[in-house]
Visitor: 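Have a look at this one.
In what follows, every chain begins at residue 1, and chains take the letters A, B, ... in the order their sequences are listed. Values in this document were obtained by computation on a predicted structure and should not be read as measured data.
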There are 2 protein chains.
Amino acid sequence: MAATESVRAGGRGLRADALRNRQRLVAAARQIFEEQGLDAPLDEVAERAGVGAGTLYRRFPTRAELVEAAFEDELRRVTAIAEEALRCEDPWTGFSTYVERLCGAMAADRGLSDLFTVRLPNSQVASALCDRQSAALAKLVRRAQEAGALRADFVPEDVFLFLLANAGVAQVTRCAAPHAWRRLVAFLLASCGPDHTEPLPAAPTPLQTERALLGNAETKGLGSCPGEGAGPNRA
Amino acid sequence: MAATESVRAGGRGLRADALRNRQRLVAAARQIFEEQGLDAPLDEVAERAGVGAGTLYRRFPTRAELVEAAFEDELRRVTAIAEEALRCEDPWTGFSTYVERLCGAMAADRGLSDLFTVRLPNSQVASALCDRQSAALAKLVRRAQEAGALRADFVPEDVFLFLLANAGVAQVTRCAAPHAWRRLVAFLLASCGPDHTEPLPAAPTPLQTERALLGNAETKGLGSCPGEGAGPNRA
DNA sequence: TAGCAACCGGACGACCTTCTCCGGTTACCG
DNA sequence: CGGTAACCGGAGAAGGTCGTCCGGTTGCTA
């Protein structure tokens, strides 16, 4: 059982060829997801990895597990963005570079973009990173507000709104106008200054945010409830 | 031949039962597209219309034709928004209500939202409306800028960016937080004032905008080139 | 009202994606 | 070096959507 655990968490304890194939699969998935989004055909992943479909499904029984493995590093890198931003001296620079870098990462990677509009079900790694990210973000916002650089009615969930907006632009313009998202983000950041007095409509609550993410998990072929009616096809 | 023309443009000249079924199909498509987006299964449209699949495909050989018929009225209504906004006395109010109403219409209707991220191929109706819309928008922007209410570096294509951003938010939050888009639009409008001096990154050019729209037509099952490799399935 | 042409709709074949099964192969350990 | 257990990967079933075909039906017209 301890062996089984270690197998699932990263591939240690696998036979040499199995481990090699696992790594190939993760690398291929990383590429395919980046290009096509999280709902890309899994057969294509297997093919690019030079591996049979059976091997893929044995190693990663669900799409969610493959996604988690493929984005483990990338998620860690994204989390680091928040913490680097916190180390920035100027509170406004910290906040704005955080938003910019996050949006940039999402614009460059369709899979990552999908990941931020979906709560990965049953992923402890993702949840932990998400919590760290939230904590850092809250500090980032509070600090900028205390410095008088960020409007007082800004809430951390607004960054979530910004990310969704950015994803919407990036998804359509990625090929034809790869820098369009930059202009959107510039608009958004320009509206975050302290000198805006018009009241804003209510922000989504954390509960609403959570539910929005969960609701979209099904769309991408990531079932939300693991044991739930696992029909062979949900495309 | 003249008869054939009139058949295609609205259904005049059809037998009574055929016309009735056509209307049912359009109404059903309107509902389904609103709920599920433009890539909804067509069989479902036929079912809701109480009609066989054969009837649907005979009347509307391609998805694009059905989409065009289903959204003809709605598109006309959307175009009216721009012209109403032009009749508004205050230039800023005209501009901002235009953006708000447009975004609101898209947030309420997934199909309409899709329509704005896709250039409907070979649709004269849509193209004509789009041209009218563009003309009205250009006036709206110029007028607001001349009144000093809108930042000078704003270009009409920015509204396109806003729409994409709004669509991104609406798509994810539609169920869980149906008013989230309002807050995003408020942020965006707040960044449009004349007192923003930070330079913006370059806007997408009209050509890039066009190509972004065309590129997405395939995603929604609307082939861009009519005669092109019409494999029976592209889902 | 009768005959014909147009229309209806279910059934069907093609294609795609997901996921499983099993015979052949290969790595590991003694 | 040999036996065994784990692994590989192709074949294929299940389920879904698209688009077509054809026998039966129905509206229109004379």
Side-chain angles (χ1 to χ4, degrees), chain A residues 3-4 6-8 11-25 28-29 32-33 36-67 218-223 226 229-235, chain B residues 3-4 6-7 11-25 28-29 32 36-67 218-223 226-235:
Chain A
T4 306
S6 77
V7 164
R8 296 198 64 246
R12 290 169 300 279
L14 290 177
R15 228 171 68 176
D17 53 346
L19 184 61
R20 191 169 48 242
N21 279 337
R22 203 197 112 99
Q23 289 167 342
R24 278 187 184 176
L25 279 168
I32 299 272
F33 287 149
Q36 306 185 23
L38 295 188
D39 46 0
L42 293 188
D43 284 5
E44 209 162 327
V45 173
E47 190 189 355
R48 186 169 306 193
V51 147
T55 305
L56 189 161
Y57 285 99
R58 191 174 333 100
R59 203 57 63 211
F60 302 101
T62 71
R63 183 184 291 266
E65 287 175 66
L66 178 59
V67 168
E218 292 150 18
T219 313
K220 294 291 174 184
L222 311 161
N233 194 336
R234 238 163 308 150
Chain B
T4 306
S6 76
V7 165
R12 289 169 301 279
L14 289 178
R15 225 171 69 175
D17 53 345
L19 184 60
R20 193 168 47 242
N21 279 338
R22 203 197 111 99
Q23 289 166 341
R24 278 188 186 176
L25 280 168
I32 299 272
Q36 306 184 24
L38 295 188
D39 46 0
L42 293 189
D43 286 4
E44 208 162 329
V45 173
E47 190 189 354
R48 184 168 308 192
V51 147
T55 305
L56 190 160
Y57 285 100
R58 188 170 341 96
R59 202 57 63 211
F60 302 102
T62 70
R63 182 185 292 266
E65 288 176 65
L66 178 59
V67 168
E218 292 151 16
T219 313
K220 295 290 171 185
L222 310 162
E228 163 234 354
N233 194 338
R234 241 163 305 151

Visitor: Give the rounded distance in Å between these two atoms: CZ of A:Arg63 and C1' of C:dT18.
Guide: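 Rounded to the whole Å, the gap is 9 Å.
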Visitor: When you check every protein heavy atom under 4.0 Å of nucleotides 24-30 of chain D, what one-letter string (B, S, -) results, 5' to 3'?
Guide: --BSS--
Visitor: One pair to check against side chain to side chain contact (heavy atoms under 4.5 Å, CB included): A:Phe60 and A:Val67. What are the steps and the verdict?
Guide: CA-CA 9 Å; A:Phe60 302 101; A:Val67 168; over 6 Å; no
Visitor: Compare all side-chain heavy atoms of A:Leu25 with those of A:Arg22 and state whether any distance is below 4.5 angstrom.
Guide: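 The answer is no; the side chains never approach within 4.5 Å.
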Visitor: Do A:Leu42 and A:Tyr57 touch side chain to side chain, with heavy atoms closer than 4.5 Å?
Guide: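 Yes, close enough: below the 4.5 Å cut-off.
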Visitor: Taking only side-chain nitrogens and oxygens of A:Arg59, does any of them come within less than 4.0 Å of OP1 or OP2 of D:dC8?
Guide: yes
Visitor: Which heavy atom of B:Ala40 sits nearest a heavy atom of B:Arg63, and at what distance?
Guide: O-NH1, 2.8 Å
Visitor: Can you measure from CD1 (A:Ile32) to CD (A:Glu47) and round to the nearest 0.5 angstrom?
Guide: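 Taking CD1 in A:Ile32 and CD in A:Glu47, the distance rounds to 8.5 Å.
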Visitor: If each of B:Asp39 and A:Ala53 is mapped to the nucleotide of DNA chain D with the nearest heavy atom, which maps nearer the 5' terminus, i.e. the 5' end?
Guide: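 With B:Asp39 and A:Ala53 compared, the 5'-side residue is A:Ala53.
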Visitor: On DNA chain C, check which nucleotide each of A:Tyr57 and B:Gly50 is closest to and give me the residue with the more 5' one.
Guide: B:Gly50
Visitor: Provide, to the nearest angstrom, the distance between the CG atom belonging to B:Asp43 and the C1' atom belonging to C:dC12.
Guide: 13 Å
Visitor: Report the distance from atom CZ of A:Phe60 to atom P of C:dT18, rounded to the nearest whole Å.
Guide: 15 Å
Visitor: Rounded to whole angstrom units, what separation is found between the CG atom of A:Leu66 and the P atom of C:dT18?
Guide: 11 Å
Visitor: Among the nucleotides D:dC8, C:dC8, C:dT18, which one has an atom lying closest to any side-chain atom of A:Ala18?
Guide: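 Side chain of A:Ala18 sits closest to D:dC8.
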Visitor: To the nearest Å, give me how far apart CZ (B:Arg22) and P (C:dA6) are.
Guide: 19 Å
Visitor: Applying side-chain contact (heavy atoms from CB on, under 4.5 Å), can you list everything that pairs with B:Pro41, at least two apart in sequence or on another chain?
Guide: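 Scan of B:Pro41 (side-chain contact (heavy atoms from CB on, under 4.5 Å), adjacent residues dropped) gives B:Gln36, B:Glu44.
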Visitor: Taking only side-chain nitrogens and oxygens of B:Asn21, does any of them come within less than 4.0 Å of OP1 or OP2 of C:dC7?
Guide: no
Visitor: Rounded to whole Å, please give me the gap between CG in A:Leu19 and P in D:dA6.
Guide: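 Atom-to-atom, A:Leu19 to D:dA6, this comes out as 17 Å.
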Visitor: Rounded to whole Å, how long is the line connecting atom CD of A:Glu44 with atom P of C:dT17?
Guide: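 In whole Å, C:dT17 P and A:Glu44 CD are 8 Å from each other.
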Visitor: Using only modelled atom types and a 3.5 angstrom limit, is any donor from either the side chain of B:Arg58 or the base of C:dG9 paired with an acceptor on the other?
Guide: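 Counting by modelled atom types and ignoring angles, a donor-acceptor contact under 3.5 Å is found here.
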Visitor: Between C1' on D:dG9 and CG on A:Leu25, what's the gap in Å once rounded to a whole number?
Guide: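 Computing the A:Leu25:CG to D:dG9:C1' distance gives 12 Å.
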Visitor: If the condition is salt bridge (charged side-chain N to carboxylate O under 4.0 Å, His left out), which residues does A:Asp17 pass it with, not counting sequence neighbours?
Guide: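 In terms of salt bridge (charged side-chain N to carboxylate O under 4.0 Å, His left out), with neighbours along the sequence ignored, A:Asp17 is linked to A:Arg15.
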